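No experiment lies behind these values; they were computed from the predicted model shown. The first residue of the sequence shown is numbered 1, and numbering continues consecutively from there.
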Amino acid sequence: MEFVNPIRDIESINAIKSILRKQSQRDLLLFVFGINTGIRVSDLLSLRVIDVWDGEHIKEFLYLKDEKSGHTRAHYINNSIRMELETYLSSREFNENDYLFKSKKNNQPITRQQAYRIIHKAAEEVGIKEKIGMHTLRKTFGYHAYRKGIAISIIMDIYHHQSPSETLRYIGINKQDQDMIRVDINL
């Protein structure tokens with residue numbers, strides 16, 4: 001696997017969203033889901049409609065069994081994901097057992113390669129020069145969670161890392177970034 005970086009710049013994230021919104025609601029949802037949860041691409045692509053929709057409403061949490069640890073972990077479906085899910089699920093008829101990121105060719109999910117092409121092409125269009133891949137979504141989640149004041153111990157647990165330094169390296173945080181954390185309480 002080639003080393004990829006998180007997308008650090010919010011303007012670039014928004015530009016990618018804009019490109020994907022014009023291209024496909026499914027592709028936009030893939031990007032938004034990835035950068036807002038940090039879920040592995042294999043788990044993202046295996047999601048089914050029933051995992052996020054109870055038949056009437058979008059669920060508050062997505063529950064996934066982690067293949068490495070065997071534990072079930074709850075992933076919060078935030079407002080950004082919720083908005084894109086609502087738009088996507090209302091755009092056509094879905095069966096509860098349909099894959100969320102269903103291929104246009106068959107009833108299977110899109111492949112990892114197709115997911116990579118979607119994200120990589122949008123990043124190129126935005127002008128991102130760094131290496132971008134599906135792992136970029138996971139790293140982008142961690143980078144921005146850390147920058148917004150989420151404890152490194154929580155991010156470390158999400159990634160199943162053994163040390164804070166491993167997680168900081170993984171999400172691309174250097175010494176300068178460590179000194180510029182936003183603890184935005186707003187009481």
Side-chain angles (χ1 to χ4, degrees), residues 1-47 52 62 64 66-68 73 75-81 83-85 88 99-101 103 109-150 152 154-178 180-182:
M1 181 186 337
E2 202 169 341
F3 179 82
V4 296
N5 293 303
I7 303 169
R8 291 173 174 84
D9 180 45
I10 298 294
E11 289 80 26
S12 294
I13 289 171
N14 289 332
I16 289 172
K17 285 183 188 179
S18 180
I19 287 167
L20 293 175
R21 183 170 281 111
K22 292 174 191 164
Q23 179 176 307
S24 159
Q25 186 64 35
R26 179 201 66 192
D27 298 351
L28 173 62
L29 179 61
L30 176 70
F31 180 72
V32 169
F33 222 117
I35 65 172
N36 282 282
T37 61
I39 295 172
R40 289 183 182 97
V41 64
S42 57
D43 290 331
L44 271 175
L45 297 180
S46 67
L47 290 178
V52 297
L62 165 67
L64 291 176
D66 186 84
E67 291 182 18
K68 288 185 179 181
R73 177 178 304 264
H75 298 273
Y76 180 62
I77 298 176
N78 68 16
N79 286 335
S80 294
I81 300 169
M83 283 181 3
E84 300 310 337
L85 261 173
Y88 181 57
Y99 285 103
L100 195 58
F101 302 107
S103 170
I110 60 173
T111 64
R112 290 176 70 101
Q113 294 80 9
Q114 180 62 18
Y116 166 80
R117 283 191 290 269
I118 290 165
I119 302 307
H120 190 264
K121 183 176 179 271
E124 274 185 338
E125 284 184 47
V126 167
I128 295 175
K129 301 289 185 227
E130 296 178 294
K131 293 195 182 302
I132 298 292
M134 287 309 295
H135 232 60
T136 296
L137 305 184
R138 193 163 156 81
K139 289 183 175 191
T140 299
F141 163 78
Y143 177 84
H144 289 281
Y146 182 78
R147 291 293 313 258
K148 290 185 178 203
I150 302 298
I152 193 65
I154 293 170
I155 300 167
M156 192 175 102
D157 185 52
I158 289 168
Y159 291 143
H160 302 288
H161 288 167
Q162 301 302 312
S163 70
S165 61
E166 177 186 8
T167 302
L168 290 169
R169 243 186 343 271
Y170 179 78
I171 62 176
I173 297 289
N174 58 35
K175 181 64 180 150
Q176 180 185 357
D177 292 327
Q178 288 180 32
M180 299 179 66
I181 302 305
R182 293 180 196 98

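Distance check, rounded to the nearest 0.5 Å: CZ of Phe3 to OG1 of Thr136 gives 9.0 Å. In this structure, CZ in Phe33 is found 9.0 Å from NE2 in His75, a value given to the nearest 0.5 Å. Distance CD1/Ile158 to CZ/Arg138: 8.5 Å, rounded to 0.5 Å. Expressed to the nearest 0.5 Å, how far OG of Ser46 lies from CG of Leu64 amounts to 7.0 Å. Once rounded to the nearest 0.5 Å, the distance linking CG of Leu85 with CG of Leu29 reads 5.0 Å. How far CD of Glu125 is from OG of Ser18: 10.0 Å, rounded to the nearest 0.5 Å.
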Candidate pair Ile7 and Ile132, rule side-chain contact (heavy atoms from CB on, under 4.5 Å), full reasoning: CA-CA 8 Å; Ile7 303 169; Ile132 298 292; 4.2 Å; yes
For a side-chain contact (heavy atoms from CB on, under 4.5 Å) check, start with the C-alpha distance between Leu30 and Leu45, then their side-chain angles and the critical distance, and finish with the verdict. CA-CA 9 Å; Leu30 176 70; Leu45 297 180; 4.1 Å; yes
Test side-chain contact (heavy atoms from CB on, under 4.5 Å) on Ile19 and Val126 and set out the steps. CA-CA 8 Å; Ile19 287 167; Val126 167; 3.5 Å; yes
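Between Ile81 and Asn78 there is a side-chain heavy-atom pair separated by less than 4.5 Å. When side chains are defined from C-beta on, His144 does not count as touching Ile35, because their heavy atoms never get closer than 4.5 Å. Contact annotation: the side chain of Phe31 approaches that of Ile13 to within less than 4.5 Å [non-hydrogen atoms, C-beta and beyond]. Counting heavy atoms from C-beta outward, Val41 and His135 have side chains that stay 4.5 Å or more apart. In this structure, the side chains of Tyr143 and Asn5 stay at 4.5 Å or more apart for every pair of heavy atoms. Residues Leu20 and Ile118 have side chains in contact (heavy-atom distance under 4.5 Å, counting atoms from C-beta outward).
Taking all atoms of both residues into account, the shortest heavy-atom contact from Ile152 to Tyr146 is CD1-CD1, 3.9 Å. Among all heavy-atom pairs drawn from Met134 and Arg112, the shortest one is CG-O, 4.4 Å. Here the shortest heavy-atom pairing between Asn36 and Ser80 reads ND2-CB, 4.0 Å. In terms of heavy atoms, Arg73 sits closest to Asp157 at NH2-O, 3.1 Å. Of all heavy-atom pairs between Ile171 and Pro6, the closest is O-CG, 3.3 Å. When all heavy atoms of Ile16 and Ala122 are compared, the closest pair comes out as CG2-CB, 3.9 Å.
Between the side chain of Lys139 and the backbone N or O of Gly172 there is no donor-acceptor pair closer than 3.5 Å. Looking at Glu84, its side chain never comes within 3.5 Å of a backbone N or O of Gln25 through a donor-acceptor pair. Between the side chain of Tyr159 and the main chain of Gly38, no donor-acceptor pair closer than 3.5 Å is present.
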